[in-house]
Each structure stands twice: as C-alpha cells, then as structure tokens.
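Take this structure, written in structure tokens, and hold onto it; I'll ask about it next.
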Amino acid sequence: MSYKDTYAAWAAAPEDFWAKAAQGIDWIKAPEVVFDGSADVYGRWFPDATCNTCWNAVDRHVEAGRGDNLAIMHESPITHSTKGITYKEMRDRVASLAGALKMRGVEKGDRVCLYLQMIPEAAVACLACARIGAIHSVVFRAFSPDALRDRINDSACKV
C-alpha cells in the first residue's frame, strides 16, 4: 500500500484503520475499545489495553527467529564508523540495563532521566525503561546548565 493510500485509509476511517493496525501488536491485554474521545483533552487510543513496547520493539523479533537480524544501524559522522546491533544483542543490552535499573530501585511508574547523545545506547536506555514500566525523560547537552537542572529537578526522577 502506498503512502497516499495509507493516508487516505486513515483519513476515511481512523478508528477502523487503527483497529486493523493494532492487530500487528502483541498485547498483554488486547483492546476492546479503539478510541475514547471523552478521555483527556485529545481522547485516548486503546484505553483498556496493555502492551509492553520493549517486547514489541525487540523481544518478539528474537522469539520469532529474527534475533540475528539488525535492529539498529548506527553511523557516526564523528568517527566515520558504522555499527550494527542485532535484535538478540539489543535484547541482551536492554535486559542488562533494565536489571541494573531495578537493582537501583526503579519500578513501574518511576521516572528516569537520560543524558545521552544520539547513540545506540540512548535507544537501549529508553527500551530498558519501557521494559520495566518506568517513564524516561531525555535531556541533551544543548541545554544550558540551568535548563538541565530545571528539567532534571522538575522530572522528579529516581535515577
């Protein structure tokens, strides 16, 4: 399906489009409601459903026999190097960091502040938070020291 056809399908019937798309997700609890327009300011998609984004992004690919396929390809303009990470490698890195976060007391619903460059480890850290149900907040070195302090303090992060 082309982008134009996909966009037209979404525009014609958004709930039908996303209900069909949701069939491609591994759910812990599958949705019965596609969209609740009365929830929050903008409504809420799949309000009664539960999934683990880390499982869907990484683990299920390993389980399906695609563990040796590339999950991430990183090209560094600084070192002029290219590095690939397979789904198996990604799963192991994510699980290791998730375990380390749990050992530091991070639990579902806790906030974790990430101060990383745009490198594969940033994706690993985001996925590790998702794996355990923690919420990540990303800050970059482009922020001033005062802006970094304010964002980190305002996030009330545990780590």
Side-chain angles (χ1 to χ4, degrees), residues 1-74 84-140 151-159:
M1 184 181 261
S2 72
Y3 172 80
K4 187 176 181 180
D5 292 339
T6 302
Y7 184 84
W10 165 81
E15 288 188 45
D16 293 340
F17 176 85
W18 288 111
K20 185 177 179 185
Q23 293 172 4
I25 294 175
D26 288 349
W27 296 96
I28 295 167
K29 181 184 177 301
E32 293 181 24
V33 176
V34 175
F35 182 71
D36 178 0
S38 68
D40 302 321
V41 176
Y42 301 105
R44 189 158 175 199
W45 292 94
F46 311 115
D48 61 337
T50 305
C51 74
N52 186 292
T53 54
C54 182
W55 169 266
N56 278 282
V58 180
D59 300 75
R60 76 179 185 157
H61 298 289
V62 176
E63 292 293 317
R66 296 186 297 273
D68 293 328
N69 292 7
L70 286 179
I72 290 182
M73 178 64 73
H74 178 255
I85 301 172
T86 67
Y87 283 105
K88 250 192 265 183
E89 292 168 330
M90 182 63 95
R91 179 201 57 198
D92 294 347
R93 290 179 186 196
V94 168
S96 178
L97 182 54
L101 288 169
K102 287 188 85 154
M103 285 178 24
R104 295 200 48 109
V106 176
E107 299 173 350
K108 181 178 180 178
D110 287 339
R111 289 174 295 284
V112 174
C113 192
L114 306 175
Y115 181 70
L116 291 166
Q117 300 172 24
M118 294 304 291
I119 55 176
E121 289 74 12
V124 168
C126 292
L127 288 165
C129 290
R131 184 180 204 89
I132 59 177
I135 302 157
H136 71 271
S137 172
V138 179
V139 293
F140 299 100
R151 282 170 172 80
I152 292 167
N153 288 338
D154 287 348
S155 75
C157 58
K158 193 169 203 173
V159 174

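For clarity, every value in this text was computed on a predicted model and none was experimentally measured.
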How long is the straight-line distance from CZ of F46 back to NZ of K29, given to the nearest 0.5 Å?
12.5 Å
R66 CZ: over 12 foreign heavy atoms closer than 6.0 Å:
yes
Smallest separation among heavy atoms of V106 and V112, with atom names:
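Reported closest heavy-atom pair: CG1-CG2, 3.9 Å.
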Test W27 against T50 for side chain to side chain contact (heavy atoms under 4.5 Å, CB included), laying out the working first.
CA-CA 6 Å; W27 296 96; T50 305; 5.9 Å; no
How many angstroms lie between CG in L114 and NE2 in H136, if you round to the nearest 0.5 Å?
6.0 Å
As an exercise, state the distance from CH2 of W18 to CZ of F35, rounded to the nearest 0.5 Å.
12.5 Å
Looking at M73, I want to see if its CE is surrounded by more than 12 non-hydrogen atoms of other residues, nucleotides or ligands under 6.0 Å.
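Yes, because the 6.0 Å sphere around CE of M73 holds more than 12 heavy atoms from other groups.
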Using 0.5 Å steps for rounding, measure from the CG atom of L70 to the NE2 atom of H61.
12.5 Å
So, does R60 use its side chain to make a donor-acceptor pair with the main chain of N56 at under 3.5 Å?
yes
If we ignore hydrogens and angles and just use 3.5 Å, is the side chain of D36 paired with the main-chain N or O of S38 as donor and acceptor?
yes
Gap separating the CG atom of L101 from the CZ atom of R131, nearest 0.5 angstrom:
11.5 Å
Any donor-acceptor pair under 3.5 Å linking the side chain of D48 with the backbone of V33?
yes
Heavy atoms only: give me the nearest T86-G67 pair and the separation to one decimal.
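Closest approach of T86 to G67: CB-O, 3.2 Å.
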Where do D26 and C51 come nearest, in terms of heavy atoms and distance?
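So the minimum-distance heavy-atom pair works out to O-CB, 3.7 Å.
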Pair R93, E121 - check side chain to side chain contact (heavy atoms under 4.5 Å, CB included), show working.
CA-CA 9 Å; R93 290 179 186 196; E121 289 74 12; 4.1 Å; yes
Identify the two heavy atoms, one from C54 and one from D59, that lie closest to each other, and give their separation to 0.1 Å.
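Heavy-atom minimum between the residues: O-OD1, 3.4 Å.
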Could you walk me through whether I132 and E107 pass the side chain to side chain contact (heavy atoms under 4.5 Å, CB included) check?
CA-CA 7 Å; I132 59 177; E107 299 173 350; over 6 Å; no
Which heavy atom of W55 sits nearest a heavy atom of E63, and at what distance?
CH2-CG, 3.4 Å
If you measure from CG on N52 to CG on L127, what distance do you get to the nearest 0.5 Å?
9.5 Å
Could you report the tightest heavy-atom contact between A49 and A30, atom names first, then the distance?
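Where A49 meets A30 most closely, the heavy atoms are CB-C, 4.1 Å.
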